[in-house]
Amino acid sequence: MRFMKGRLLLLFTVLFFLYAKAQSQNYSIVIKNGHVIDPKNKIDDIMDIGITDGKLSAIERNIDTKNAAQIVDATGMYVVPGLIDIHTHVFWGVKKDHQYADGNLAIQPDGFTFRNGVTTIVDAGSSGWRTFPTFKAQTIDQSQTRVLAFLNIVGEGMRGGYEQDTTDMDPQISALVAKKYKKDIVGFKLAHYNGHGWLPTDRAVEAGRLAGGIPVMVDFGGSNPPLSIEELFMQHLRPGDIFTHCFAQLNSREYIVDLQTNQVKPFVWEARKRGIYFDVGYGGISFAFSQAIPAIKEGFYPNSISTDLHVGSMNGSMKDMLTTMSKFLAMGMDLKAVIDAGTWAPAREIKREELGNLSIGTDADIAILSIRKGRFGLFDYTGTRLMTDQKLECELTIRNGKIVYDLNGIADPIQPKAKKAVVEQVNTSDPKWFANKAWLHGLSLNPHRSINEKEFAKQYQKNNVWWDEAFAFLKTHDLDSLPTGEYVIDPGNVIATVWEGNPKELKDINWEAHRKFNDLQYIIKGKVRMGLASISDPRSVVKLPYNDQTDVENFLVSGEKYYDAQPGTFFIFSPMDIHRPAIRLRENDNIKKIVIKVRVP
């Protein structure tokens with residue numbers, strides 16, 4: 001009896017602890033009463049979702065919102081993983097006649113993703129090995145949307161006639177570039193080649209093999225007579241490769257539905273069993289209801305739904321991701337299958353299984369969708385129209401734990417309230433205070449010897465909260481895998497920006513200082529040089545006067561010092577410091593860094 005009482009007491013103690021923990025949990029966002037559909041985790045039910053520090057931290061029946069910074073009432077709506085569109089063209093630029101490769105037929109991602117619940121896109125071959133660094137610098141690294149890429153087997157990328165140049169299809173160098181940028185590149189793309197031969201296909205597949213077994217997406221171009229897609233599926237592609245534009249019906253290509261029998265050709269079913277993925281890749285003229293309707297009726301669903309988003313397709317019959325998904329609902333796919341084809345299935349195809357699901361601890365990329373009722377005409381490029389009484393509509397999108405799109409203001413409050421700083425009394429007068437590093441609260445990084453200890457101590461004494469928030473962010477996040485973008489730690493007071501790319505040359509970086517914010521700079525990957533000079537040095541002369549909007553003042557300096565910066569050590573540049581940050585070193589072309597702006601108290 002005594003033993004049983006002891007066990008009961010232990011059980012009640014544990015339950016009380018778990019209850020207290022749940023009651024005290026702080027959330028940045030709580031989504032209430034939404035119908036959660038998460039194909040990976042087999043969730044299809046009314047649930048609440050909690051988000052903390054950019055991560056999905058809870059999925060429960062009823063989450064207490066007492067300590068939530070924002071609450072989203074998703075009653076009557078569907079809460080799903082952020083959508084993944086694996087066929088887009090976003091290498092946008094202004095170069096004449098460059099088409100989709102740094103040209104104006106591509107689009108800028110953020111304006112067309114979040115409003116459709118899309119948080120991850122894959123550019124389908126707009127860049128090749130030669131042009132990828134430019135694409136990364138001007139699009140991937142500058143976008144809030146997670147942008148990944150299929151690398152074109154043509155080194156120049158998708159520049160029209162260049163795609164016919166088999167001499168520029170180099171598997172070896174393409175594989176080297178894919179390995180170098182493996183965080184960004186998920187596979188290879190063969191597109192638009194017009195010719196009756198297998199050399200381009202085989203070179204793309206060889207590049208995938210050399211790069212470690214990453215997939216190839218094939219847009220089968222055209223030839224007269226058309227090449228056999230049965231031979232493509234059974235003799236050239238590997239299990240895990242992707243056949244895009246799977247519902248296209250063009251004279252220059254063989255299609256999957258036999259128009260005589262109105263049935264999917266038997267070898268297409270066999271190809272699916274072999275492991276070939278079938279992707280929609282809707283595009284401008286690459287989708288026809290005459291192929292899709294009989295296939296869906298027969299139970300041949302696409303593995304992934306994608307848009308082939310570009311200037312032409314978005315203004316044609318395709319429109320956007322949710323219109324494309326709505327067409328498959330109208331053709332008879334059930335909602336769960338459509339959500340799977342836009343989330344978990346494409347994540348598996350590109351071998352990024354940390355995406356497309358709502359697992360605890362993953363990046364909080366979430367779409368909240370509603371089904372709008374009415375009378376809608378959905379049509380393809382041939383003019384065939386399908387009438388329906390429902391369309392998917394995006395109500396709200398969360399990317400990396402931050403609301404980036406809210407159609408009808410369903411977040412409460414719409415903007416999270418700034419945290420009220422609770423300043424502790426900290427004694428910084430002890431000469432050993434800085435050296436003992438207690439103010440780092442367990443952060444394992446080291447402060448660089450160039451930091452102005454007196455100025456830092458003065459600021460920390462006035463308001464330790466903002467600095468503690470910055471150090472806590474560094475301590476609690478996996479910086480190596482942290483996506484690029486902006487992270488609002490404390491609105492208006494502490495803001496982090498993660499950047500990855502090629503640093504600038506010395507001559508291209510101005511000397512600068514700030515008045516409102518300190519810069520905490522840490523090199524996560526790679527090595528650069530930091531320049532430092534004192535604003536109190538009489539040789540420091542203003543070059544460009546202070547701009548209140550950008551919080552920047554530029555200088556000409558003398559007597560400067562330079563320090564190497566690499567992982568393990570962080571720098572702090574206060575308003576007393578003129579700095580020249582992240583100067584390129586030849587031996588390290590690519591870096592990843594985080595800059596945390598901490599308001600001056």
If we ignore angles and hydrogens, is there a donor and acceptor under 3.5 Å between the side chains of [X] and [Y]?
| X | Y | result |
| --- | --- | --- |
| Ser286 | Tyr381 | no |
| His477 | Asp53 | no |
| Ser313 | Asp308 | no |
| Glu500 | Thr484 | no |
| Arg348 | Asn303 | no |

Side chain to side chain, [X] and [Y], heavy atoms closer than 4.5 Å:
| X | Y | answer |
| --- | --- | --- |
| Asn194 | Gln164 | yes |
| Leu259 | Gln249 | yes |
| Met333 | Pro302 | yes |
| Leu369 | Glu393 | no |
| Leu148 | Ile121 | no |
| Arg115 | Asp320 | no |
| Met325 | Phe328 | no |
| Ile31 | Asp48 | no |

Residue pair Lys55, Asn400: steps toward the side chain to side chain donor-acceptor pair (under 3.5 Å) verdict: CA-CA 7 Å; Lys55 302 291 185 182; Asn400 206 31; 5.7 Å; no

How close do [X] and [Y] get, heavy atom to heavy atom, and via which atoms?
| X | Y | value |
| --- | --- | --- |
| Ala248 | Tyr255 | O-CB, 3.4 Å |
| Asp340 | Pro39 | OD1-CB, 3.5 Å |
| Pro483 | Arg399 | CB-NH2, 3.8 Å |

Let me see the working for Lys180 and Leu176 under side chain to side chain contact (heavy atoms under 4.5 Å, CB included), right down to the final yes or no. CA-CA 6 Å; Lys180 179 178 179 181; Leu176 287 173; over 6 Å; no

Output yes when [X] and [Y] qualify as a salt bridge under the 4.0 Å nitrogen-oxygen rule, no when they do not.
| X | Y | value |
| --- | --- | --- |
| Lys136 | Asp141 | yes |
| Asp219 | Arg253 | yes |
| Asp45 | Arg61 | yes |
| Lys40 | Glu353 | no |

So, taking the atom named [atom1] in [X] and the one named [atom2] in [Y], what distance separates them when rounded to the nearest 0.5 Å?
| X | Y | atom1 | atom2 | result |
| --- | --- | --- | --- | --- |
| Leu396 | Ser370 | CG | OG | 11.0 Å |
| Ser174 | Arg130 | OG | CZ | 9.5 Å |
| Thr388 | Lys327 | OG1 | NZ | 11.5 Å |
| Phe220 | Tyr193 | CZ | OH | 11.0 Å |
| Asp184 | Asp123 | CG | CG | 11.5 Å |
| Ser317 | Arg385 | OG | CZ | 13.0 Å |

How about [X] and [Y]: are their ring centroids closer than 6.0 Å?
| X | Y | answer |
| --- | --- | --- |
| Trp499 | Tyr487 | no |
| Phe114 | Tyr405 | no |
| Phe132 | Tyr181 | yes |

Crowded around [X] [atom1]? As in, over 12 foreign heavy atoms under 6.0 Å?
| X | atom1 | answer |
| --- | --- | --- |
| Lys183 | NZ | yes |
| Lys95 | NZ | no |
| Arg372 | CZ | no |
| Lys96 | NZ | no |
| Asn315 | CG | yes |

Determine whether a donor-acceptor pair (N or O, by modelled atom type, separation under 3.5 Å) exists between the side chain of [X] and the backbone of [Y].
| X | Y | result |
| --- | --- | --- |
| Glu298 | Val264 | yes |
| Asp165 | Thr167 | yes |
| Ser252 | Ser223 | no |
| Asn116 | Leu322 | yes |

As a quick check of understanding, evaluate salt bridge (charged side-chain N to carboxylate O under 4.0 Å, His left out) for Arg146 and Asp363, giving each step before the final call. CA-CA 11 Å; Arg146 180 186 291 103; Asp363 290 344; 3.3 Å; yes

Considering residues at least two apart in sequence or located in another chain, which fulfil the side chain to side chain donor-acceptor pair (under 3.5 Å) criterion with Thr382?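 Here the qualifying residues are Asp380, Thr384.
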
Dump the intermediate steps for side chain to side chain contact (heavy atoms under 4.5 Å, CB included) on Val90 and Gln108, then the final yes or no. CA-CA 6 Å; Val90 293; Gln108 295 168 305; over 6 Å; no

Take Thr113 and Asp85 through the test side chain to side chain contact (heavy atoms under 4.5 Å, CB included) and record every step on the way to the result. CA-CA 9 Å; Thr113 50; Asp85 188 349; over 6 Å; no

Run the numbers on Asn408 and Glu395 for side chain to side chain donor-acceptor pair (under 3.5 Å), then give the verdict. CA-CA 7 Å; Asn408 291 303; Glu395 292 286 349; 3.0 Å; yes

Start with the C-alpha gap between Ile43 and Leu358, add the side-chain angles, then the distance that decides, and say whether side chain to side chain contact (heavy atoms under 4.5 Å, CB included) holds. CA-CA 9 Å; Ile43 300 174; Leu358 298 176; 5.8 Å; no

Please identify which of these residues, Phe247, Phe300, Trp269, meets the ring pair (Phe, Tyr, Trp, His ring centres under 6.0 Å) condition with Phe278.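 It is Phe300; the other options fail the test.
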
For a side-chain contact (heavy atoms from CB on, under 4.5 Å) with Thr119, tell me which candidate from Thr397, Thr145, Leu355, Leu83 qualifies.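 When side-chain contact (heavy atoms from CB on, under 4.5 Å) is applied between Thr119 and each of Thr397, Thr145, Leu355, Leu83, only Thr397 qualifies.
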
Looking at Glu254, Glu230, Glu270, which one forms a salt bridge (charged side-chain N to carboxylate O under 4.0 Å, His left out) with Lys265? Glu254

Please work out whether the ring planes of Phe233 and Phe243 are parallel, tilted or perpendicular, with thresholds of 30° and 60°. perpendicular

Kindly state each residue pair satisfying ring-ring contact (aromatic ring centres under 6.0 Å, His included) with at least one member in residues 72-96, sequence neighbours excluded.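 Applying ring-ring contact (aromatic ring centres under 6.0 Å, His included) to every pair that reaches into residues 72-96, excluding sequence neighbours, yields His35-Tyr78, His87-His89, His87-His245, His89-Tyr100, Phe91-Phe135.
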
Those residues at least two apart in sequence (or on a different chain) that pass salt bridge (Lys or Arg N to Asp or Glu O under 4.0 Å) with Lys336 are Asp44

